[in-house]
Engineer: 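I have a structure I would like to understand better, so I am pasting it below and will then ask my questions one at a time.
Every chain is numbered from 1 and lettered A, B, ... according to where its sequence line falls, protein lines coming before strand lines. Since this is a predicted model, take the numbers as computed values, not measurements.
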Number of protein chains: 2
Amino acid sequence: METTGFARHDHGACIRDGVTAVAEHCRAEGLQFTPVRRRVLELLLEGHRALGAYDILDRLREEGLGSQPPVAYRALDFLVKNGFAHKIERLNAFVACACPGESHMPAFLICRKCDKVAEAEADMREGKLAQSAAEAGFHIERAVVEAEGLCPNCSGAAA
Amino acid sequence: METTGFARHDHGACIRDGVTAVAEHCRAEGLQFTPVRRRVLELLLEGHRALGAYDILDRLREEGLGSQPPVAYRALDFLVKNGFAHKIERLNAFVACACPGESHMPAFLICRKCDKVAEAEADMREGKLAQSAAEAGFHIERAVVEAEGLCPNCSGAAA
DNA sequence: TCGATCTTGTGATAATGTAACAGAGGGCGG
DNA sequence: CCGCCCTCTGTTACATTATCACAAGATCGA
């Protein structure tokens, strides 16, 4: 389980490591880690927060890296398709993946106060839901699991 | 667990009962079950499928019940807020609730072939995810759980 | 009946996401 | 080196999903 993101940590390293890991993965798999894609990943890593495609586009625009929606969406598609980022359906927004490259069924803990997002592992192919799905004859392939609530910092600070 | 919707059943009764249950609930709670709201609920009950807001709006328009987006969205908001319907985030679409009025943490099984949706119960406040959330100090209030795969009918018929 | 409140009608617009096509650049066989 | 193919980028236009604001109608209790 990867519930860092709420805990205090060396965030500079967090970004550097994230980018490095993805860069290596791309090299290993023959994927092109272009400037736009790198920059989008950095933006996503910046806050352990979900960013909307248009937030990202604004940043890219400021930096002269592209100005039209497809630029942002293509970079995001690339990152999502290759498991370097995830889409949070509930927010129509995106976060960097906590363990890039590993294929997994991610679950997310979203703080409704500070908007931080932590990633956890929740393989829905086991557990109670999977069991009743199996009983009904339903075969689960993918799952969106997004829990909303209060993170430790916010739940301490105020109700 | 309520995984009907995939199983064969008396669907006429299914709609009637759904509407009746909601009507009674509204009477009991002093909520107005207006024609638009009733019709939207019927449309949602019609197919155990998720319908987009604009699909619904089209039907309402044909029937002279309203022609602008807010009409559909307001009816849907009413149904969702009172637990008579749910939004499927992954599809930007809506389904009727399988057990109207009961407060619960619904999970959904979405068939990627026939688009049918079944509702199941998956209280995320227990189970492995809840446990690691608790360890991280995160308090889960609500959860979106949407599993995608093949329903029994489609998985039998073809891959 | 009056007023408070909830509901609906409507036009406008915001936010999110895609399609389609032209051009830039790089690798690679000729 | 040239031309071809492929991927990535730039840009216009558009599609889909969702909300705001305000006026008018319906409902209900005092």
Engineer: Between atom CZ in R38(A) and atom P in dT9(D), what is the gap in whole Å?
Structural biologist: 13 Å
Engineer: Going by the rule side-chain hydrogen bond (donor to acceptor under 3.5 Å, both in side chains), which residues pair with R39(B) if we only count those two or more places apart in sequence or in a different chain?
Structural biologist: E42(B), E63(B)
Engineer: Side chain of Q68(B) only, heavy atoms from C-beta on: which candidate in dT17(D), dT7(C), dT10(C) is closest?
Structural biologist: dT10(C)
Engineer: Using whole Å, report how far CG of D77(B) lies from C1' of dA18(D).
Structural biologist: 10 Å
Engineer: Report the distance from atom CD1 of I56(A) to atom P of dA15(C), rounded to the nearest whole Å.
Structural biologist: 16 Å
Engineer: With side chains defined as the heavy atoms from C-beta onward, is the minimum distance between L31(B) and F78(B) less than 4.5 Å?
Structural biologist: yes
Engineer: What nucleic acid atoms does L65(B) come within less than 4.0 Å of, heavy atoms only: base, sugar-phosphate, or nothing?
Structural biologist: sugar-phosphate
Engineer: Measure from the side-chain heavy atoms of T34(B) and tell me the nearest of dT9(D), dT7(C), dG11(C).
Structural biologist: dT7(C)
Engineer: Given atom CG of N82(A) and atom C1' of dT7(D), what is their separation to the nearest angstrom?
Structural biologist: 14 Å
Engineer: In terms of side-chain geometry, is the basic nitrogen of E46(B) or R59(B) positioned less than 4.0 Å from the acidic oxygen of its partner?
Structural biologist: yes
Engineer: By the 4.0 Å heavy-atom rule, please label L91(B) as base, sugar-phosphate, or nothing.
Structural biologist: nothing
Engineer: Are the side chains of L76(A) and L44(A) in contact, using a 4.5 Å heavy-atom criterion?
Structural biologist: yes
Engineer: Check whether any side-chain N or O of K87(A) sits under 4.0 Å from OP1 or OP2 of dT16(C), and answer yes or no.
Structural biologist: no
Engineer: Quickly work out the R90(B) CZ to dT16(D) P distance and round it to whole Å.
Structural biologist: 18 Å
Engineer: Considering only side-chain heavy atoms of A53(A), which listed nucleotide, dG11(C), dG17(C), dT11(D), is closest?
Structural biologist: dG17(C)
Engineer: Using heavy-atom distances to pick each residue's nearest nucleotide on DNA chain C, tell me which of V71(B) and N92(B) is more 5'.
Structural biologist: V71(B)
Engineer: Strictly under 4.0 angstrom, non-hydrogen atoms only: write out the protein contact profile of nucleotides 25-30 of chain D, one letter per nucleotide from the 5' end, B, S or -.
Structural biologist: ------
Engineer: dT17(D) base stacked by Y54(B)? Criteria: ring centres under 5.5 Å, plane angle under 30°.
Structural biologist: yes
Engineer: What orientation do H48(A) and H11(A) show, parallel under 30°, tilted 30 to 60°, or perpendicular over 60°?
Structural biologist: tilted
Engineer: When only distance counts, do a donor and an acceptor, one from the side chain of R74(B) and one from the base of dG9(C), lie under 3.5 Å apart?
Structural biologist: yes
Engineer: May I have the step-by-step check of ring-ring contact (aromatic ring centres under 6.0 Å, His included) for H86(A) and F94(A), ending in yes or no?
Structural biologist: CA-CA 6 Å; H86(A) 302 290; F94(A) 301 81; over 10 Å; no
Engineer: In whole Å, what is the span from the CG atom of L57(A) to the P atom of dT18(C)?
Structural biologist: 14 Å
Engineer: Examine dG10(D): is either OP1 or OP2 under 4.0 Å from a nitrogen or oxygen in the side chain of S67(A)? Give yes or no.
Structural biologist: no
Engineer: Kindly indicate whether the side chain of S67(B), heavy atoms from C-beta on, has any atom under 4.5 Å from the side chain of L60(B).
Structural biologist: no
Engineer: Tell me which of R37(B) and P69(B) sits closer to the 5' end of DNA chain C, going by the nucleotide each one is nearest to.
Structural biologist: R37(B)
Engineer: Take the protein atom CZ of F94(B) and the nucleotide atom P of dT17(D), then report the distance between them rounded to whole Å.
Structural biologist: 10 Å
Engineer: G52(B) or G66(A): which one's nearest nucleotide on DNA chain D is closer to the 5' end?
Structural biologist: G66(A)
Engineer: Within 45 degrees of the axis of the six-membered ring of F33(A) and under 6.0 Å from its centre: does R38(A) put its NZ or CZ there?
Structural biologist: no
Engineer: Within this structure, what is the OH-to-P distance between Y73(B) and dT10(C), rounded to whole angstrom?
Structural biologist: 18 Å
